[in-house]
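Below: the structure, in structure tokens.
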Amino acid sequence: MAKNTNKRKKTVQKTEKRELAMIEGILEGSPDGIGVVVVRLDCGCRKMAAVAKDGEPASKIIMYRDMANSICDKCKEDNGAFMRVTESFIHWSEELSDEDKKMISLKVLGHQEIH
Ligand SMILES: [Zn+2]
């Protein structure tokens with residue numbers, strides 16, 4: 001069989017190690033969470049929240065900054081404004097159908113996303 005060289009490029013966001021540690025902590029405290037929304041801001045701060053199977057938040061929104069005791073002044077001011085979001089995705093912690101993922105992504109992020 002011919003090798004498929006024209007493989008469709010998939011954009012898979014890689015969850016960073018330090019983010020994973022946070023995600024695990026969030027999920028531990030959120031029994032309803034089936035995933036964690038990760039929002040990366042242009043200043044380097046992160047916003048995260050667990051999401052339930054129905055697309056509703058399953059935890060408080062947590063903001064943090066790597067290697068820092070608190071988030072930056074900008075974020076303190078605008079609370080991590082949507083305008084400054086560089087990336088947002090959901091880190092799934094449970095196996096869900098593509099349909100469910102689509103529905104939740106749409107509800108939470110405003111766009112569909114499967115990976
Ligand atoms: Zn910030």
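Every number for a ligand or one of its atoms is a count from 1 in the order of the listing. Bear in mind that the values here come from a model prediction, so they are computed numbers and not experimental data.
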Checklist entry - Within a strict 4.5 Å, meaning less than it, do heavy atoms of the Arg46 and Met63 side chains meet? => result no
Checklist entry - Any side-chain heavy-atom pair from Ser105 and Trp92 closer than 4.5 angstrom? => result yes
Next on the checklist: Testing Val37, Val39, Ile61, Ile26 one by one against Met48 for a side-chain contact (heavy atoms from CB on, under 4.5 Å), which residue passes?
Outcome noted: Ile26
Item to check | Under-4.0 Å salt bridge between Lys101 and Glu95 | outcome: no
Checklist entry - Charged N to carboxylate O below 4.0 Å: is that the case for Lys53 and Asp32? => result no
Next on the checklist: Using 0.5 Å steps for rounding, measure from the CD1 atom of Ile90 to the CG atom of Leu109.
Outcome noted: 4.5 Å
Checklist outcome for this item: Listing protein N, O or S under 2.8 Å around the Zn ion (ligand 1) gives Cys43 SG, Cys45 SG, Cys72 SG, Cys75 SG
